[in-house]
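Data first, discussion second: the structure below is written as structure tokens.
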Amino acid sequence: MTAAADRVNASAPGLRVPDAALVAARAAQDKLGENTVVLAMGELLGVTDAFVITDGRNARQVKTIVEEVERVVKERCQRAPLSIEGLRDLHWVLMDYGDFLVHVFLDETRGYYELERLWGDAPHVDWAPAGVTRNAAD
């Protein structure tokens, strides 16, 4: 299946991706999160509807992305994460919102774990609004 063929629109029938997950992806992108993707996980995992995955070039950027995602999702969606793990070392920060998870990686850590490959059957959701250019890998 080609990359274009496995991408779906967030409003596609039967696909349940929380709007807040799309807000989180855009917030990460605004702080220069790299290769930001949203995966629809509901059919595969059952315990959460979406993964937002992004990375930063260094620990400082990872922290900035996490802070921006938390701020913007709270401001626009009135939601706070149920928990945040990984803030001590900033290699892989996991923000648990219940119906979606945000994974903010240090770039080399993301490459090591390869969540997109692990969950390769998950549909990639088109999350960028019209006119916004995503990273080349998207």
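Side-chain atoms are counted along with the backbone in the values below, which use heavy atoms only and exclude waters and symmetry mates.
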Residue set satisfying side chain to side chain contact (heavy atoms under 4.5 Å, CB included) with Asp96, at least two apart, ordered chain then number -> Leu82, Ser83, Leu101

Applied to residues 55-65, the salt bridge (Lys or Arg N to Asp or Glu O under 4.0 Å) test, sequence neighbours excluded, yields Glu34-Arg57, Asp55-Arg110, Lys63-Glu67

The side-chain hydrogen bond (donor to acceptor under 3.5 Å, both in side chains) partners of Glu114 (sequence neighbours excluded) come to Arg117

Check your understanding: Are the side chain of Glu70 and the backbone N or O of Ile84 linked by a donor-acceptor pair below 3.5 Å?
Key -> no

Applying side-chain hydrogen bond (donor to acceptor under 3.5 Å, both in side chains) to Glu75 and not counting sequence neighbours gives Arg71

- Answer whether the closest heavy-atom distance between the side chains of Phe100 and Phe51 falls below 4.5 Å. no

Sorted by chain and residue number, the ring pair (Phe, Tyr, Trp, His ring centres under 6.0 Å) partners of Tyr113 (sequence neighbours excluded) come out as Trp92

- Query: Counting distance only, does the side-chain N/O of Thr48 pair as donor-acceptor with the main-chain N or O of Gly98 below 3.5 Å?
  - Reply: yes

Here the pair of heavy atoms bringing Ala122 nearest to Met41 is CB-SD, 3.7 Å

(Q) With heavy-atom distances below 4.5 Å as the criterion, would you say the side chains of Val17 and Trp127 are in contact? (A) no

Closest heavy-atom pair, Pro81 versus Met95, reported as atoms and distance to 0.1 Å, is CG-CE, 4.4 Å

Review point. Thr54 and Ile65: side-chain contact (heavy atoms from CB on, under 4.5 Å), yes or no, with the steps?
Key: CA-CA 9 Å; Thr54 192; Ile65 293 167; 4.0 Å; yes

Heavy atoms of Thr64 and Lys31 approach each other most closely as CG2-CD, 3.8 Å

Heavy-atom nearest pair, Pro18 first then Asp99, reads CG-OD2, 3.3 Å

Any side-chain heavy-atom pair from Leu39 and Ile53 closer than 4.5 angstrom? yes

For Asp19, I'd like to know if atom CG has over 12 heavy atoms of other residues, nucleotides or ligands within 6.0 Å. no

Please walk me through it: do Val52 and His103 pass side-chain contact (heavy atoms from CB on, under 4.5 Å)? CA-CA 6 Å; Val52 177; His103 301 267; over 6 Å; no

Hits for side chain to side chain contact (heavy atoms under 4.5 Å, CB included) against Ala27, two or more places apart or cross-chain, chain-then-number order -> Glu68, Val69, Val72

Heavy-atom check, side chain of Arg79 versus side chain of Lys74, under 4.5 Å: no

When you measure from the side chain of Arg76 to the backbone of Val23, do you find a donor-acceptor pair of N or O atoms at a distance under 3.5 Å? no

Original post:
Heavy atoms, side chains only, cut-off 4.5 Å: are Val102 and Val104 in contact?
Top reply: yes

Run the side-chain contact (heavy atoms from CB on, under 4.5 Å) check on Val37 and Asn35 step by step: do they pass? CA-CA 6 Å; Val37 297; Asn35 306 310; 5.7 Å; no

